[in-house]
Trainee: 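Quick one: the structure is below, questions incoming.
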Amino acid sequence: MILPLHAAIRNRLRAVLDELYGLEPATLPEIAVQSPPNRALGDLGTPLAFELARRLRKAPRSIAAETVAALGPVDGIARAEAAPNGYVNLFLDREAFARRVVHASGAAPPEPAAGSAPDAKVIVEHTAINPNKAAHIGHLRNSALGDTLARTLRFLGAPVEVQNYIDDTGVQVADVVVGFQQLEHASVADVAARAAEPAFDYYCWDLYARVAEWYDADDDRLTMRTRALHEIEGAGNPTAEIGAIVAERIVRCHLATMSRLNVDYDLLCWEGDILRLEFWTRAFEVLKQAGAVHLQASGPQAGCWVMPLTDAGGADPEADGGDGVPEARAKIIVRSNGTVTYVGKDIAYQFWKFGVLDRDFHYRPRDAQGSGRPLWSTTSTPPAAGAAASDGAAASDGAAASDGAAASDGAAASAIPAASGASAESGRPASPPPFGRAAAVYNVIDTRQSYLQQLLKDALAAIDRPGAAERSVHVSYEMVALSHATARMLGYEIDPGDQRPFVEVSGRKGLGVKADDLMDRVTAAARKEVAARHDDLDDAEADRIAAIIAVAAVRYFMIKFSRGKLIVFDIEEALSFEGESGPYLQYAAVRATNILRKLHARDGIDEAALAAALDTLPGTPLDDPDGGELWGLMLEASRLDEVADQAVRALELSVFAKYAFGLARAFHTFYHRCPVLAEERREVRLWRAAGVHYFLRQLTRALDLMGCEVPPRM
RNA sequence: GCGCGUGUAGCUCAGUUGGAUAGAGCGGCCGCCUCCUAAGCGGCAGGCCCCCGGUUCGAGUCCGGGCACGCGCGCCA
């Protein structure tokens, strides 16, 4: 881990600049510590002399030379050099560095580290798929980004709470309910029965598309949607019951899908609970008290409660009201009929996340996740005193209404008993952790919602919570579309009028690649590759390995593009396991594992023996000309914390993916040039083994941050 | 119209808070399995970094102005 070293270097340099030139550390900008383009130039370097040249009226070259001369001994640095062009380059004490990282046992918990992540709790909201149909590849990008962000924040030492927002009372659920009632003429019992069958999410995928077509055929039918929406919000009627069954069962499907990809959560937040517990009522009071909203007296928005807009948002083309004077644009929060808009509900939720709403959900435990992390759900029902938090007790809660029906389904449910999670073992309900009240909130939502996310910040600023507004972060990303080839493969005809080189995923049209279908295909392809290489694997083992590879292939694919980039998804490309791909990284790790396993089998050298042996061996192999390969590998492997920190600061997980790829590539090169087992010189052999060991530990951790595992073979 | 995003090799993309010689994958061509797994490695070819201007010792990166493409801007969610 290299960040502590960066910090030590910066400290020393600041002290030197103060001594030499009387430059107060506080007046200096952050000193950049970077990697020189060529290791012969140094292990680390800094361009500080350029920055100071003007201020000191001195040539960068002289500043660099004087800085180097005055540097003195720095722990971990062997020597410093002033490059002729003005850089200050540093050479690490390789032996000391290598011994330290090798000794830091892999069994010890990762040094929480040194990054710029906050030490107060942060909430990451991601996934938030409408619970009315199967998850598709667009949702996968969201979850992969969100889960990787959460893991990386945890790695940097921040306490993280992951929330998955469930819009169980929205239009999309209402549409499927309308489908059941109008197209299928299904009763509550019929829906419950169908929901208990496998692939309910696939069924709803098609039903939703059928409803959309049905609406298109006759606009009057949209009144059915409006009515269903109201009935669902009202609860205590068959429509609401069907809605609850659909949402609950689809959420289970989504959780199962995400579990395949090693994505998990701490809390499911149901919109229905926000409504029933009247979060909005309280948020509205807070907004009114702060004067953040006002009742519009006249104009087109008369009778509405509105919030003034900052310029960052959208614009209203008709804003000038015909009198030539531009009216202040305002966002309607409460309609003239008194009902709250979507924005209002979102504001209430965001307020709750920051603990500025003195109101809370009730909570109930849900079935454990594949990862073992406890999962909780919001509920509107207070825990009944004395009674276990059974499904029966929660039955009045709309969100839980379908538990009875869902419990009879064993297909997608895991092997974990269907009893309510944490309460099952102890026999009494565990008390929920303190949810909400975060210091920072990261909302992982696609870029089309930037306008609304900006409104949330505005609302926080408007109630005089500038800190919360500042730390209300929209992690935006572009959508995932389909390549023409993939869309055609799915049987869709491309609109000849559409010149775009991609086809937009559309739930309404039923156009998209379902997440589970993708995983199935990638897994099958991986299995074929594994089977071709290892004929001694039994079916179960081959399946297990294929699943591990598929996760890496899909997750890496979703992370490797920077978030502002539209992904044109092509199935052929996603099925490629060569080059810059998840499996490439895993293959490097597997190769490293093989070396260490064989070394152990042949020479009896394990991790502990290796560390012990190195204590009495000279570090000369690190300095050999071909030791440059070894040293370069170890140095690169040590940058994990630096890159994780950078990824979080820039909210750009792709830099993390790129780093992991570069590290794996460095190892593959090392693998070809520097044999370990066949190396005859003992000290060289052991130092190389140590390098392999350290590399494997770091790459494994990097893969873990991306939610990927190292397969036993491949 | 306004806001946000994107524009770098044939294609898809990296390029770290402005820094040393603009990189990778795919595709193309040529090599490497008697050697810890060829899901790998080495090499070759391929560039007005969209355009114009500015700031700076230094600009693919920052600023201004354009152009192109995408997305968003409802008393929908």
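Treat the numbers as computed from the prediction; the structure is a model and nothing was measured. Order of the sequence lines fixes the chain letters, A, B, ..., with proteins taken first and strands second; residue numbering starts at 1 for each chain.
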Trainee: What pairs of nitrogen or oxygen atoms, one from the protein and one from nucleotides 28-35 of chain B, lie under 3.5 Å apart?
Mentor:
none

Trainee: Whether A/Arg10 and A/Glu30 form a salt bridge (side-chain N of Lys/Arg under 4.0 Å from carboxylate O of Asp/Glu) is what I want to check.
Mentor: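 Salt bridge flag = yes for A/Arg10 with A/Glu30.
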Trainee: Which part of the nucleic acid, if any, lies within reach of A/Glu529 when heavy atoms closer than 4.0 Å are counted: base, sugar-phosphate only, or nothing?
Mentor: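 Contact class for A/Glu529: base.
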Trainee: With sequence neighbours excluded, what pairs up with A/Ala592 under the side-chain contact (heavy atoms from CB on, under 4.5 Å) test?
Mentor: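 A/Phe667, A/Val692, A/Phe695, A/Leu696.
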Trainee: With a 4.0 Å cut-off on heavy atoms, is A/Leu52 in touch with a base, just the backbone sugar-phosphate, or nothing at all?
Mentor: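 If one applies the 4.0 Å heavy-atom cut-off, A/Leu52 turns out to touch nothing in the nucleic acid.
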Trainee: Can you list the residues that meet the side chain to side chain donor-acceptor pair (under 3.5 Å) rule with A/Glu233, with sequence neighbours excluded?
Mentor: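 None.
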Trainee: Identify, with sequence neighbours excluded, every residue that meets side chain to side chain donor-acceptor pair (under 3.5 Å) alongside A/Glu51.
Mentor: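 Expected list: none.
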Trainee: Name all residues meeting the side-chain contact (heavy atoms from CB on, under 4.5 Å) criterion together with A/Arg448; count only those two or more places apart in sequence or in a different chain, and write none if there are none.
Mentor: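 side-chain contact (heavy atoms from CB on, under 4.5 Å) list for A/Arg448, sorted by chain: A/Asp446, A/Met479, A/Glu504.
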Trainee: What residues form a salt bridge (charged side-chain N to carboxylate O under 4.0 Å, His left out) with A/Glu642, not counting sequence neighbours?
Mentor: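 Partners of A/Glu642 by the salt bridge (charged side-chain N to carboxylate O under 4.0 Å, His left out) criterion, ordered by chain and then number, come out as A/Arg639.
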Trainee: Tell me which residues in residues 553-564 of chain A lie within less than 4.0 Å of RNA chain B, going by non-hydrogen atoms.
Mentor: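 Within residues 553-564 of chain A, the residues near RNA chain B are A/Phe561, A/Ser562, A/Gly564.
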Trainee: Using Watson-Crick or G-U wobble geometry with both distances under 3.5 Å, which nucleotide pairs with B/rU21?
Mentor: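 WC or wobble partner does not exist here.
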Trainee: By side chain to side chain donor-acceptor pair (under 3.5 Å), which residues pair with A/His484, not counting sequence neighbours?
Mentor: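 Result, side chain to side chain donor-acceptor pair (under 3.5 Å) vs A/His484: none returned.
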Trainee: By side chain to side chain donor-acceptor pair (under 3.5 Å), which residues pair with A/Ser654, not counting sequence neighbours?
Mentor: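 By the side chain to side chain donor-acceptor pair (under 3.5 Å) rule, A/Ser654 matches A/Glu652.
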